[in-house]
Amino acid sequence: MPNALNGKKILLGVTGGVAAFKACELVRELQRWGASVQVVMTEAATHFIGTASFQALSGQPVFTDQWDGRIANNMAHIELSRQADAILIAPCSTDMMAKLAHGLCDDLLSTLCMARDKPLLIAPAMNRQMWMHPATQRNARQLRDDGVAILGPGNGDQACGETGDGRMLEAVQLTEAMEAFFTPKSLAGKSVLLTAGPTQEPIDPVRVISNLSSGKMGFAIAQACQRAGAQVTLVAGPCALPTPDGVQRIDVRTAQQMHDAVHALMQPRPDVFIAVAAVADWRVAQVSDQKIKKTGDDDVPTLQFVQNPDILASVARLPDAPFCVGFAAESEDLEKHGEEKRRRKGIPLLVANIGHATFGRDDNELLLIDAKGHTRMPLAAKTDLARALVLHLAGQLPA
Ligand code: C5P
């Protein structure tokens, strides 16, 4: 599965802070995604964690000193910064932010940052007062203006016992941010509207008919589209998943509400509409205002249903319709039924779930069906499939 971090060389700068221990996990996480890591530490960082730990984890010698004799030409700052695809400083101390903002170079890490011809990303980690200090905020603004990406900081309990902004982001969050940074912006300038999750169709004020969709696939695709540079709106049925960063989310409950929310977003038309939601085909014809009472042992209510609007087909029928992508869970003869469904809905691309036990799981197996034929995506994490799907989709859009 494609992953923008795979094969990348990351120079990981570690500065003095308690969060330096989290940088050990970060090395492992970056490696797990296929990146190689060269660690450079400041002198202060070595008071928190030894070079031996990073050397063992990264499998590469650790550099701390501008005058390190291991670099033949004695230009460690040039050599190290040229070898990397990007420099990530995590944790980045208040002091290092100040040095970077003012162009000071009094140690190896600050000097190689000045000498860099590669992107610089920093993950600040400090006490909340230090983060909120006007000088630090001024430095952060300056660094952003200089093109430095600032990842976090997060909010929460701090090692000093206080609570607030200034925590370094977790290793997994930083790795995801690095992957997002390297992701080709294949959907730059495009707007994408998605539906995801289940719908709930009420029977009475306390009972609903729904399905087991978790929303994981749709949310993963929304995130992948956002990371590929698209402007993303997600119309979500009831599900407890966090909203991906940078995605606009609209919560709805019923199929009719989902339909109305989607059509309200058709002016101006999005470039792409991806219908991932497991929309209820039917709703109860007469929703009871009161909870339906159980009056006797043999008393079983009868429910009448009416059909819900087909959101995807209704969008595909619009004049100047967006590029429409549908999902399908077919239990037999996937290719034949998938192709039939693609034509019936009038859409260019249908994504069929191979096997129908995907609801709630973190992985999936897909068959992409378009006018040219089929593309199989073998079993993988939904987040990986989402990235691959976005690349496939981007290749199909008009230039
Ligand atoms: O017809 P079927 O429900 O199998 O089609 C599934 C595809 O159609 C999915 O992309 C789903 O999001 C979409 N759909 C819809 N509105 C409905 C039913 C399905 O948008 N009422």
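As the structure lists them, so they are numbered: ligands from 1, and atoms in each ligand from 1. Note that the coordinates shown come from a computational prediction; the quantities given were computed from them, not determined experimentally.
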Among all the protein's non-hydrogen atoms, which is closest to [atom], and how far away is it?
atom	value
atom 16 (N) of ligand 1	I311 N, 3.0 Å
atom 10 (O) of ligand 1	A275 O, 2.6 Å
atom 3 (O) of ligand 1	D281 OD1, 3.9 Å
atom 7 (C) of ligand 1	F327 O, 3.0 Å

Main-chain N/O of [Y] paired to [X] side chain as donor or acceptor, under 3.5 Å:
X	Y	result
R269	M266	yes
R167	Q158	no
N3	W33	yes
D362	A381	no

- May I ask you to list the atoms of ligand 1 that are less than 4.0 angstrom from any heavy atom of L312? 8 (O), 10 (O), 13 (C), 15 (C), 20 (O)

- Message: Give the atom numbers and elements of ligand 1 that come within less than 4.0 Å of a heavy atom of G326.
- Response: 10 (O)

- How far apart are the closest heavy atoms of M114 and L104, and which atoms are they? CG-O, 4.4 Å

- Item | Close approach of K341 to ligand 1, heavy atoms, under 4.0 angstrom | yes

- Query: Closer than 4.0 angstrom: is that true for some heavy atom of K345 and an atom of ligand 1?
  - Reply: yes

- NZ or CZ of R70 within 45° of F63 ring axis and under 6.0 Å: yes

- Query: Got an N/O contact under 3.5 Å between V279 and ligand 1?
  - Reply: no

- Does an N or O anywhere in V325 fall below 3.5 Å from an N or O of ligand 1? no

- Message: We want to know whether E162 and N127 form a side-chain donor-acceptor pair, criterion being a heavy-atom distance below 3.5 angstrom.
- Response: yes

- Message: If you take the nearest heavy atom of each of A277, P309, A328, A280, which one is closest to atom 11 (C) of ligand 1?
- Response: A277

- Message: Closer than 4.0 angstrom, basic N to acidic O: yes or no for D95 and K99?
- Response: yes

